[in-house]
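Written below as structure tokens is the structure these notes are about.
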Amino acid sequence: MAELLKIRSEVEEFHKEYVYRNNQAEESRQKENQAATQIQSWFRASKVQAYLRHLHKKAIIIQTIWRGFTARACFRQMVKAAYFIMKMNFYEEMAVRIQRRWRGFFVRKYVHSFYARQSYLEGVRRKNELVRRELDEVEELQKRERDCLELVKEQTARVHQAHRLHHLLSTKQCPGVFNSPFRPAPHEMEQLLRQVKYQAPSRGMACLLGMPGPAAPSFPGTPRSPWIKTTRTLYSSRPILPPIASKRQQVRW
Amino acid sequence: MSQRQIIQVFEQYQKSRMQFVQTVADLASRPQNIDILQNAGVLSLLRPLMLDSVPSVQQTAALALGRLADHSDDLAEAVVKEDILPQLVHSLSSQNRFYKKAAAFVLRAVAKHSPELSQAVVGCGGVDALVLCLEEFDPWVKEAAAWALGYIARHNASLAQSVVDAGAVPLLVFCLREPEMAVKRIAASTLSDISKHTPELAQTVVDNGAIAHLAQMILNPDAKLKRQVFAALSQISKHSVSLAEMVIEAEILPAAVTCLRDQDEYVRKNVSTLMREVVKHTPELSQVIVNCGGMVAVIDYLGNCRGNLRLPGIMMLGYIATHSENLAMAVILSKGVPQLALCLSEEPEHHMKAAAVWSIGQIGHHTPEHAKAVATASLLPKLLELYMDASSSEDLQAKCKKALKSILQKCTYLPGLEPLLYDAPSNILKHVLCQFSKVLPHDSKARRLFVTSGGLKKVQEIQAEPGSLLQEHINAINSCFPEEIVRYYSPGYSDVLLERLETYQPA
């Protein structure tokens with residue numbers, strides 16, 4: 001009996017335990033379920049991640065190989081370009097050297113030619129001398145012309161003066177003012193007075209006398225002053241003037 | 001009274017009028033009588049006589065009026081105020097040639113004093129009447145009319161424009177061909193007065209073919225005509241390159257160069273003015289003038305004349321040298337620099353000196369060769385002296401400074417630079433020292449000369465602020481010489497030595 005009671009109490013116990021455990025299980029069922037789900041999800045995730053990792057690794061390998069390939073191709077291209085540029089630089093530098101020499105030569109020969117400048121300056125110098133000489137000649141010529149004109153003017157003035165002073169001519173008896181006995185030879189004015197041909201002093205008188213006016217015989221081509229006496233003697237057209245009343249000669253003293 | 005007596009009264013009145021007018025005209029030809037005549041109210045008396053019935057009274061009255069107006073501008077203004085001008089202008093078209101000549105003389109006498117009076121003459125239609133007179137046959141009428149137009153056009157551009165608008169220019173060019181010398185002279189002078197104001201007026205004159213006639217007249221022996229012709233050509237060519245080229249293309253140059261040896265000094269002056277106006281435009285024109293020997297003739301001309309007449313020649317040399325260093329070298333070769341030096345020393349006027357200084361600066365600033373040529377003529381001390389002189393005008397000082405600076409920057413001729421070390425102010429001195437510091441490091445003979453001539457001593461005596469450009473140049477110069485020599489020439493070296501003597505103990 002005791003065992004029955006014990007078994008019954010054990011069954012009771014068992015019931016209680018069962019209920020208790022069920023209750024407990026019921027209480028923590030949610031939690032445990034949750035935990036189980038978590039664990040399972042974690043495990044699934046690991047599986048997937050492991051798979052993805054694997055995939056990534058392989059993809060990366062493929063990509064590195066590809067990138068290496070394209071980079072090497074690019075690099076080869078860059079090398080070619082750099083080589084080309086180097087060559088071009090070299091050519092350009094050489095071309096610049098040639099051009100530099102050529103330009104220097106050209107400019108020195110044609111544009112800023114030293115010898116052309118020298119010859120130009122030499123030409124200017126020579127032209128200067130020439131011009132100076134020519135101008136001097138021209139000036140000299142003009143001066144001579146002017147002097148000549150002055151001389152002619154002076155000569156005509158002197159002849160005019162001689163004509164006015166005709167009365168001072170020296171005669172056989174009485175020497176004139178310009179023919180002083182103390183001189184070795186007569187003064188030039190005396191010579192001029194001898195050469196000058198006497199003329200009627202006023203035009204009114206000439207008209208009165210009916211003269212045809214002072215007619216100088218004009219030799220063809222030679223302009224003569226009308227007062228210079230010609231070698232001809234008095235021509236018949238001129239009336240002979242009445243003789244001057246003779247005065248007693250003054251005593252020469 | 002009988003008819004004869006009545007007529008005698010009128011004849012007497014006419015005789016007395018004639019006498020009055022003639023006497024007034026004679027008196028008016030002397031300047032001292034003018035005031036007295038003016039106070040006696042001669043204008044109001046002359047005015048009705050100009051409308052007189054007898055032509056000779058009219059003419060003499062007009063002549064008297066013209067002489068009065070000629071002498072003073074008060075009388076000319078009075079003439080304008082009294083409204084005598086309109087009746088003069090009106091009668092210009094109708095009367096005989098003596099009256100026209102006298103009336104043109106009055107207009108000229110009025111117009112010559114000031115632009116306002118000329119404007120009054122233009123305002124009452126004087127210009128058109130004068131242009132009509134230019135078409136007359138009588139040469140003296142043409143001369144008087146052209147002279148009056150010349151005086152009107154002289155004052156300013158608008159008056160000259162009004163003369164041109166009245167159609168005077170073709171008639172004036174026609175007058176140039178007249179046989180009378182006086183008409184030619186006056187026509188040339190009027191053309192020069194018209195064309196001097198603006199390029200458009202000069203272009204109008206040229207378009208009427210004036211240049212060809214003017215060029216022909218250069219060969220004429222008459223001196224006064226040549227003066228006017230060259231003046232006209234220079235006024236035309238001063239405005240622009242194309243006008244100057246047209247003048248040169250008329251082949252005036254050989255004859256113009258010959259005229260530089262003419263007797264008359266104003267002919268020479270006007271030729272050199274013409275050359276200056278042509279040369280200042282472009283290098284090609286300067287080249288033409290240099291090539292035909294014009295420059296040489298101008299340099300000789302500078303030697304022969306004095307005073308203000310030299311100014312165009314000096315400026316011409318300056319303009320030629322400005323264009324290029326070839327031309328400047330040509331100036332130097334033709335012995336231009338000694339001539340300019342002579343001009344600088346002989347001329348007392350400041351503006352002449354300023355022009356000479358400017359020309360020298362233009363010649364010397366191109367290359368070291370040019371600067372050497374200027375320095376060997378010992379012009380640099382002269383320029384410095386003019387710069388430092390307190391009595392020089394502002395303009396002269398400014399030009400001296402500019403010329404000195406520009407020449408010094410290129411000068412490597414050291415003996416020429418040495419005199420400048422002694423008196424120059426610091427702004428000039430720094431250029432001098434700069435040149436020394438450039439040349440001395442490379443030339444040993446120059447260094448020796450520098451030391452023996454006392455230049456190094458002078459350089460040591462110069463005091464400059466440390467760090468300034470002057471001090472840098474001094475340092476550069478000092479570094480060309482050994483330490484002992486520099487110390488030897490430094491000021492107060494003898495005191496330093498004596499001090500050392502004091503402290504020396506013989507062993």
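So that the names make sense, note that chain A is the first sequence line, chain B the second, and so on, each numbered from 1.
You'll find the side chain of B:E325 reaches within 4.5 Å of the side chain of A:R117, heavy atoms only. Contact annotation: the side chain of B:R261 approaches that of A:D136 to within less than 4.5 Å [non-hydrogen atoms, C-beta and beyond]. For the pair B:Q287/A:Y120, a side-chain contact is recorded, criterion being any heavy-atom separation below 4.5 Å from C-beta on.
Using a 4.5 Å cut-off between heavy atoms, A:R132 touches chain B through backbone and side chain atoms alike. Contacts between B:I299 and chain A at a heavy-atom distance below 4.5 Å involve the side chain alone, from C-beta outward. Looking at B:L327, the atoms closer than 4.5 Å to chain A (heavy atoms on both sides) all sit in the side chain, from C-beta outward.
In terms of heavy-atom proximity, A:L135 sits nearest to B:T258 at CD2-CA, 3.7 Å. Heavy atoms only, all atoms of each residue included: A:N128 and B:S334 are closest at ND2-OG, 2.8 Å. The minimum heavy-atom distance between B:A330 and A:V124, with the atom names listed, is CB-CG1, 4.2 Å.
Counted within 6.0 Å of NE2 on A:H187, heavy atoms from surrounding residues, nucleotides or ligands total more than 12; the atom is thus considered enclosed. Enclosure of atom CD in B:E251 is not indicated, since only 12 or fewer non-hydrogen atoms of other residues, nucleotides or ligands lie within 6.0 angstrom. Applying the 6.0 Å contact sphere to CZ of A:R108 captures no more than 12 heavy atoms from other residues, nucleotides or ligands. Environment of NZ in B:K372: sparse, with no more than 12 heavy atoms of neighbouring residues, nucleotides or ligands closer than 6.0 Å. Annotation for B:R306: atom CZ counts as buried by contact number, over 12 foreign heavy atoms lying within 6.0 Å.
One finds the CD atom of A:Q142 at 6.0 Å from the CG atom of B:D262 (value rounded to the nearest 0.5 Å).
Chain B forms the most heavy-atom pairs under 4.5 Å with one residue out of A:R125, A:R146, A:E134, and that residue is A:R146.
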Next item on the list: In sequence, state the C-alpha distance, the side-chain angles, and the governing distance for B:Q263 and A:K143, and then conclude on side chain to side chain contact (heavy atoms under 4.5 Å, CB included).
Entry: CA-CA 9 Å; B:Q263 272 303 100; A:K143 192 158 168 307; over 6 Å; no
